[in-house]
Amino acid sequence: MPELPEVETLRRQLTDAVVGKTISGVEIIDAIIPPFTVNGTPLVIEIRRWGKYLGICLNNGQQIIIHLRMTGNLLLLPADETLPAHSRFVILFNEVKVVCRDPRRFATIDLVTSFTKNALIENPAVSFPTVAIAHKGASASSPIKQFLLRQEIVAGIGNIYACEILFVARISPFKKTSELTRGEWLRISKASAKILAIGIESRGVSVSDWRDLFGEKGKYQEKLLVYKRKGEKCHRCSGIIERKALAGRGTFFCPSCQR
DNA sequence: GGCACTGTTTATAC
DNA sequence: CGTATAAACAGTGC
Ligand SMILES: [Zn+2]
């Protein structure tokens with residue numbers, strides 16, 4: 001479930017763990033991944049993030065770009081440790097290695113010399129300006145939840161946090177963006193910053209098998225407000241949380257206090 | 001066994 | 001052009 005908070009957690013942990021270290025190679029385990037060659041044995045100079053993309057920047061001009069998709073995670077292990085099941089690639093250092101474990105095999109890794117991903121709101125955990133997105137929303141007809149999931153609009157929000165944010169903002173996931181008022185956009189802005197920050201502080205949400213770089217579970221699953229809470233009592237009113245499909249995704253909300 | 005469901009994105013069809 | 005659906009894959013739960 002790597003969404004923005006999970007990927008940001010890895011970015012921070014990787015920064016502490018491998019910046020300044022020498023990469024001795026990248027081993028591709030899953031043959032479906034196109035092979036590539038790292039030039040020489042470069043140093044890691046920075047770990048960057050664009051939405052859910054992670055970039056390992058090297059001092060040879062190359063960059064390793066990783067997207068964990070549904071079930072990918074990264075694990076820091078001693079160099080001589082046996083690889084876990086579903087390992088797909090391994091980034092090798094002198095004494096440690098970073099392995100990508102990914103049962104569903106959707107995660108991607110690429111070696112590039114330049115990379116960028118643009119979005120209307122680049123880092124919603126830090127800043128969520130409302131003027132441009134409200135303008136774009138005014139001319140769209142999609143439900144707000146689908147709109148928040150579009151990565152070229154808001155980089156990094158995924159299905160779980162979209163549900164959580166809209167609960168905090170007291171807005172129905174099905175409400176059309178063209179019908180949102182200025183005040184509602186401001187509530188979405190505040191709720192996004194708040195929930196994503198809590199997600200990051202919690203080192204993510206382990207509703208399934210998510211683990212951080214050190215194999216530890218996150219803590220946000222203990223704080224979930226609506227996600228996976230179908231049939232349970234709303235924390236804000238006397239309503240009961242419902243689940244409905246929206247664009248094929250499970251969508252959790254309180255029908256009585258989200259309008 | 002069968003079917004629904006799961007964190008994401010993208011190609012393809014309309 | 002925007003929007004909707006299927007597909008990539010493997011596991012889990014009913
Ligand atoms: Zn409620």
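Chain A is the first sequence line, chain B the second, and so forth, proteins listed ahead of strands; every chain is numbered from 1. Atom set for the values below is all heavy atoms of this structure, side chains included, hydrogens, waters and symmetry mates excluded.
- Inspection of the A:Tyr161 and A:Glu6 side chains reveals an N or O donor paired with an N or O acceptor under 3.5 Å.
- The interatomic distance linking A:Met70 (CE) with B:dT10 (C1') rounds to 14 Å, in whole Å.
- In this structure, A:Lys228 atom NZ and C:dG13 atom P are separated by 10 Å, rounded to whole Å.
- Contact of A:Arg105 with C:dC9 (side chain to base): no donor-acceptor pair of N or O atoms is detected under 3.5 Å.
- Hydrophobic clustering of Ile, Leu, Val, Met, Phe, Trp and Tyr side chains at less than 4.5 Å, counting indirect connections, unites A:Leu120 with A:Ile165.
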Go through it in stages, so that I can follow the logic: the residues are A:Ile23 and A:Val44, the test is side-chain contact (heavy atoms from CB on, under 4.5 Å), and I'd like the CA-CA distance, side-chain angles, deciding distance and then a yes or no. CA-CA 7 Å; A:Ile23 288 197; A:Val44 175; 3.9 Å; yes
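- Heavy atoms of other residues, nucleotides or ligands lying less than 6.0 angstrom from NE2 of A:His235 number more than 12.
- Residue A:Asn73 contributes atom CG, which lies 14 Å from atom P of C:dG11 at whole-angstrom precision.
- Within the 4.0 Å cut-off from OP1 or OP2 of B:dT8, not a single side-chain nitrogen or oxygen of A:Gln151 is found.
- Of the side-chain N and O atoms in A:Gln146, one or more sit less than 4.0 angstrom from OP1 or OP2 of C:dA4.
- Comparing C:dG11 with B:dT9, their P atoms are spaced 22 Å from each other, to the whole Å.
- Between A:Arg249 and B:dT8, a side-chain N or O to OP1/OP2 separation shorter than 4.0 Å is present.
- Residue A:Gly250 is classed as a sugar-phosphate contact, given heavy-atom separations below 4.0 Å to backbone atoms only.
- For the pair A:Leu246 CG and C:dA4 P, the interatomic distance rounds to 9 Å; values are reported in whole Å.
- Of the side-chain N and O atoms in A:His67, none sit less than 4.0 angstrom from OP1 or OP2 of B:dT8.
- Between the NZ atom of A:Lys145 and the P atom of C:dT3 there is a distance of 17 Å, given to the nearest Å.
- Using a 4.0 Å heavy-atom distance criterion, A:Arg88 is classed as making no nucleic acid contact.
- Under a 4.0 Å N-O distance rule, the pair A:Glu27/A:Lys97 does not qualify as a salt bridge.
- Atom CD1 of residue A:Ile121 and atom CD1 of residue A:Ile188 lie 9.5 Å apart, to the nearest 0.5 angstrom.
- OP1 or OP2 of C:dT3 sits under 4.0 Å from a side-chain N or O of A:Ser141.
- Whole-Å rounding puts the A:Asp102 CG to C:dG11 C1' distance at 12 Å.
- Considering only the side chain of A:Arg104, B:dT6 comes nearest among B:dT6, C:dG11, B:dT9.
- For A:His86 and C:dG11, the shortest distance from a side-chain N or O to OP1 or OP2 is below 4.0 Å.
- Nucleotide B:dT8 holds its P atom 4 Å from the CD atom of A:Glu3, rounded to whole Å.
- Rounded to an integer number of Å, the gap from A:Lys230 NZ to B:dT6 P is 10 Å.
- In DNA chain C, stems built from 3 or more consecutive Watson-Crick or G-U wobble pairs, each with both distances under 3.5 Å, span B:2-6 with C:10-14, B:8-14 with C:2-8.
- For the pair A:Arg236 and A:Phe167, the cation-pi test (distance below 6.0 Å, angle within 45°) is passed.
- Note: A:His67 and A:Tyr53 have perpendicular aromatic rings, judged against thresholds of 30 and 60 degrees for the angle between ring planes.
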